Amino acid sequence: MPAEPQAAYILHTRRFAEHSLTVSVFTQSAGRMTVLARNLQAGRLHGLLQLFTPLFINWRGRSTLPSLNLLEGAAAPHVLTGRVCYCGLYLNELIQRLTAPADPQPVLFAHYTQSLVALQATDGSNAQIEPILRRFEYHLLATLGIGLILTHDCRGQPIVPGGWYDYHPLQGPQPASAQTTATFRGATLLALETHLQPEHYREARRLMRQVLDYHLDGKPLRSRTLFQTPA
Amino acid sequence: MATPLLQQLIEAFRCLPGVGPKSAQRMALHILEHDRVGGQRLAHILTRAIDTVGHCAQCRTLTEQAVCALCQNPQRDTHTLCVVETPADVLALEQAAHYQGGYFVLGGRLSPLDGIGPQDLGLEQLHARLQNSPIRELILATTTTVEGEATAHYISEFAAEYDCRVTRIAHGVPLGGELEYIDGGTLAHAFAGRYDFAG
């Protein structure tokens, strides 16, 4: 049990019994963990047990499923509506799938909070949400120690903006002999490191998808299906 | 020490929600020691229900008929359709609200971390329903969680191409609720959704 209440966000809840939920939380200093929220007859707590709400929580017990014993709202929830909400669900799925349980990730927590704040301020257009998502993915991979290599190719040569590269998830960019549907412009790689412009969005998305899919062992992210046009 | 068959029975009870090893053991022992007739009835009905209860072809609620009694009822308004998550929601609304329209049961809500995407909610069927019958109002009565809101938004996006009014159930202060005890999120929603008061 931590000495002080921890800043946290809820990633996911699942019903455990009639009045209890297992809650997957992403905490500032203890990383991602699962806690048990009991005695939820009082409707008050259900209102707080929502995604994208800054919380202070504490728990007790050393088992794999400690009990939540403090739950307080830290600030007003980030209101993500429509497509922006899908983005929030996407971030949650990335954290749930890629971070290890009980692995403290305070830097990633800060990036997550920043991303939610930034998402809340958008109008849901691709132009506004793409840079936020790419930035979060970039920081996620970096904090997990599997960051992208974007300034040098696998032979140690600096990336040339006009060049074309294949990207290997572990070795990084490899100069390509010709442009294909699988290659990336040097300019896109460099922009991912610094600042993305609209002309980079499509390639940057393809690159991130390729790398994330590699680290997700090819098991697809379900939240991506939300962005596809309904049948 | 439980015999293998008794052990299997205890294990089988654990498939029920909220039933742990202790409760399962109590149920198994109760049936064998005190209520074998009740147990037999349970086994019989359970087998029959699992064999015959399916989903209504129109609204996807649970029924042993091809089309449920509610959808067959000529008194119901066929121009209004209420989208809910589970058959339990249909029962709750039927008991509480004076609602006379039809239902559509999604069987869940969009929740990527539970592996539930748009293809799991029978949305093609809802599409067909909107296309083939003259729906004037589509009421989105999914839960007021983030996932429920995402589901409502997803449906409203594709319902926009049909000529129907899309409404969302109101959420806010519960009846008898005192403001100081209500969480910030609920209160913010209630405040944002305030309406003209005619007294």
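All values derive from a computational prediction rather than experimental measurement.
No more than 12 heavy atoms of other residues, nucleotides or ligands shown are found within 6.0 angstrom of CZ on A:Phe16. Within a 6.0 Å radius of OH in B:Tyr162, more than 12 heavy atoms belonging to other residues, nucleotides or ligands are found. Within a 6.0 Å radius of CG in B:Asp163, other residues, nucleotides and ligands contribute 12 heavy atoms or fewer. Surrounding CD1 of B:Ile45 are more than 12 heavy atoms belonging to other residues, nucleotides or ligands, all under 6.0 Å away. Applying the 6.0 Å contact sphere to CD of B:Gln40 captures no more than 12 heavy atoms from other residues, nucleotides or ligands.
Of the listed residues (A:Gly82, A:Ala75, A:Ser24, A:Gly73), the greatest number of heavy-atom pairs within a distance under 4.5 Å of chain B belongs to A:Gly82. Residue with the most contacts toward chain A among B:Gln119, B:Glu149, B:His189, B:His153: B:His153 (heavy-atom pairs, distance under 4.5 Å).
Of residues 96-122 of chain A, those residues lying under 4.5 Å from chain B by any heavy-atom pair are A:Gln96. Near-neighbour residues of residues 84-91 of chain A relative to chain B, defined by a heavy atom under 4.5 Å from a heavy atom of that chain, comprise A:Cys85, A:Tyr86, A:Leu89.
For the atom pair CZ (A:Arg14) and OG (B:Ser111), the distance works out to 7.5 Å, reported to the nearest 0.5 Å.
Across all non-hydrogen atoms, the minimal contact from A:Thr225 to B:Gly117 is OG1-CA, 4.2 Å. A:Phe52 approaches B:Val146 most closely through the heavy-atom pair CE1-CG1, 3.4 Å. Considering every non-hydrogen atom in both B:Thr145 and A:Gln50, the closest pair reads CA-OE1, 3.3 Å. Across all non-hydrogen atoms, the minimal contact from B:Glu147 to A:Leu51 is OE2-CD1, 3.9 Å.
Looking at B:Leu123, there are no atoms closer than 4.5 Å to chain A (heavy atoms on both sides), in backbone or side chain. With a threshold of 4.5 angstrom between heavy atoms, A:Ser223 approaches chain B through its backbone and through its side chain.
Residues B:Asp120 and A:Arg222 have side chains in contact (heavy-atom distance under 4.5 Å, counting atoms from C-beta outward). In this structure, the side chains of B:Pro112 and A:Leu221 stay at 4.5 Å or more apart for every pair of heavy atoms.
Take A:Arg209 and apply the side-chain hydrogen bond (donor to acceptor under 3.5 Å, both in side chains) test, not counting sequence neighbours, and it matches no residue. The side-chain hydrogen bond (donor to acceptor under 3.5 Å, both in side chains) test applied to A:Tyr214 returns no partner, not counting sequence neighbours.
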